[in-house]
Amino acid sequence: MSQSVETLRQEFRSASDAAKDSKDLEAIRIRFLGKKGAITALLKSLGELPPEERREAGARINTLKDELSQALDNEIAKRGATEQEQKLKVERPDVTLPGTLPLPGSIHPVTRVAQEIADIFLSMGFFLADGPEVEEEYYNFEALNVPAHHPARDMQDTFYLETGRVLRTQTSPVQIRTMEQMKPPLKMIALGKVYRRDSDITHSPMFHQMEGLVVGENVTMSDLKGTLVMFAETMFGKRPFRFRPSYFPFTEPSAEMDIQCIFCHGNGCKICKGTGWMEILGCGMVNPKVFEAVKYDTEKFTGFAFGMGIERQAMLRYGINDIRLLFGSDIRFLRQF
Ligand code: DAH
């Protein structure tokens, strides 16, 4: 037994002398002092000794155990310190190198334009109304004078959900929801996401719209014109505009408003597709059928409404020709705003 204690001591010495780093030392700890290590094996073999020798042999093994563990601790402390020093020498940070600045966030162009448009109307005394994106077909279509099978439903490729529900294709249903809850007169805008089954360089399956509605006694087409011209001039600067006759089921008469192209000043360019004009919104006098749906007195009240795509306004404003850029989250694109 004294023989094996001595052999183990020797083996330990040469192993620890050969150890190159703290990893090697850890391996040595496991080999000699671990649960399945050499010392444990030695202690287990005590049983094979005659009883009178066991006590002394046990004591010697334990001394060896303390000795090895002490030696290992010392060695690890020593090596650890040198390794740390070495590392610091090699990895010393160069405080003269330029740092990496965190990128400051900024407001997305769609949000920015939406806020600007909303501010213009809020400053004219409109209030902001809200409605759900998952909408009843009734509000999105029927109440807006688009009955089932009406050809006008084809104007908007709809995402249909479970019975009677759709992802709203327009913010116009907020007109109905607001009128159901309020008596005229009122001046409201609504802003939010709308959805259509459409995707190409100028269409995205989700986009944003801003809706407007004014109802009162003696509201006329000149009020519509005055309000929308005021909006367009604040938004795009004073420039020629025109109203073209159009069709929407919920307005009669209906129109679309164009302003002179802000890039070519009417000469025709890529952004206005050579026409010299940019279409900015749809509008019209509220169709009495819509008032009937919300039980407003059509003899007493008239109104006008308008709707516009926010992405479209942003694209016109900044001369962006692909709507997908607005949703691509490419930092190089977004940084320009
Ligand atoms: N809802 C129409 C669309 O999505 C836009 C619109 C046109 C809204 C005329 C209106 C309006 O309120 O009067 O194409």
Side-chain angles (χ1 to χ4, degrees), residues 114 117-118 121 126-133 135-146 150-159 166-179 184 186-198 202-216 219-229 231-232 242-258 278-291 293-294 296 301-313 315-316 323:
I117 299 175
F121 287 103
F126 284 70
F127 68 87
L128 189 60
D130 206 7
E133 287 171 32
E135 184 56 285
E136 312 288 330
E137 268 189 70
Y138 172 77
Y139 289 103
N140 196 78
F141 291 124
E142 267 95 25
L144 289 162
N145 190 33
V146 189
H150 189 287
R153 286 219 184 180
D154 299 339
M155 286 167 79
Q156 302 173 350
D157 288 313
T158 310
F159 286 109
V166 295
L167 289 183
R168 70 176 178 194
T169 59
Q170 48 188 356
T171 42
S172 307
V174 186
Q175 291 188 24
I176 306 295
R177 287 184 174 274
T178 307
M179 287 191 284
L186 62 86
K187 292 206 289 191
M188 62 135 255
I189 51 170
L191 180 65
K193 292 185 167 68
V194 300
Y195 302 85
R196 291 185 196 178
R197 295 177 37 183
D198 215 349
T202 53
H203 297 90
S204 151
M206 184 284 298
F207 61 103
H208 298 78
Q209 274 190 345
M210 159 91 104
E211 190 80 14
L213 172 70
V214 173
V215 187
V219 175
T220 68
M221 193 118 186
S222 343
D223 297 315
L224 173 155
K225 204 172 148 188
T227 307
L228 295 179
V229 169
F231 156 71
R242 68 181 186 188
F243 286 85
R244 272 180 297 108
S246 184
Y247 172 76
F248 299 104
F250 29 86
T251 44
E252 184 57 41
S254 305
E256 275 164 305
M257 183 181 185
D258 297 341
M278 295 172 144
E279 181 198 316
I280 59 167
L281 53 81
C283 58
M285 299 307 291
V286 179
N287 191 321
K289 291 222 171 109
V290 172
F291 283 154
V294 296
Y296 274 14
F301 298 109
T302 52
F304 69 85
F306 53 91
M308 63 186 92
I310 304 296
E311 282 76 7
R312 186 174 170 76
Q313 307 289 320
M315 289 166 80
L316 294 177
I323 196 170

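Counting convention: from 1, in listed order, for ligands and their atoms alike.
Given atom 14 (O) of ligand 1, the protein heavy atom at minimum distance is Arg196 NH2, 3.8 Å. The nearest heavy-atom contact from the protein to atom 5 (C) of ligand 1 is Gly307 CA, 4.1 Å. Closest to atom 11 (C) of ligand 1 among all protein heavy atoms lies Phe250 CE1, 3.5 Å. In terms of protein heavy-atom proximity, atom 12 (O) of ligand 1 is nearest to Glu211 OE2, 2.6 Å.
The cationic atom of Arg196 (NZ for Lys, CZ for Arg) does not lie both less than 6.0 Å from the six-membered ring centre of Phe207 and within 45° of the ring axis.
The number of heavy-atom neighbours closer than 6.0 Å to CG of Asp157, taken from other residues, nucleotides and ligands shown, is above 12. The neighbour count for Arg242 CZ, taken as heavy atoms of other residues, nucleotides or ligands under 6.0 Å away, is above 12.
Atoms of ligand 1 found under 4.0 Å from any heavy atom of Gln209, numbered from 1 in the order shown, are 3 (C), 4 (O). Shown in contact with Thr251 at under 4.0 Å from a heavy atom are these atoms of ligand 1, numbered in order with element: 13 (O). The distance from ligand 1 to the heavy atoms of Gln175 drops below 4.0 Å at these ligand atoms: 12 (O).
Under a 4.0 Å heavy-atom criterion, Met308 is not in contact with ligand 1.
Note: no N/O pair closer than 3.5 Å links Phe248 and ligand 1 by distance alone. Residue contacts with ligand 1: Gly282 is placed with no nitrogen or oxygen under 3.5 Å of a nitrogen or oxygen of the ligand (distance criterion only). Taking only nitrogen or oxygen atoms, main chain and side chain alike, Thr169 does not reach within less than 3.5 Å of ligand 1.
In this structure, Phe306 has its ring center under 6.0 Å from that of Phe121.
In this structure, a donor-acceptor pair under 3.5 Å is absent between the side chains of Gln170 and Gln209.
The shortest distance between side-chain heavy atoms of Val214 and Met188 does not fall below 4.5 Å.
Under 4.0 angstrom from ligand 1, the non-hydrogen atoms of Ser172 all belong to its side chain.
Selection from Glu252, Arg168, Gln170, Glu256 by nearest heavy atom to atom 2 (C) of ligand 1 gives Gln170.
Heavy-atom minimum distance, Tyr139 versus Pro173: O-CB, 3.3 Å.
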* **Chi angles and distances behind the side-chain contact (heavy atoms from CB on, under 4.5 Å) call for Met179, Tyr296** => CA-CA 8 Å; Met179 287 191 284; Tyr296 274 14; 3.5 Å; yes
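Here Glu135 pairs with Arg177 in a salt bridge; the nearest charged N to carboxylate O distance falls below 4.0 Å.
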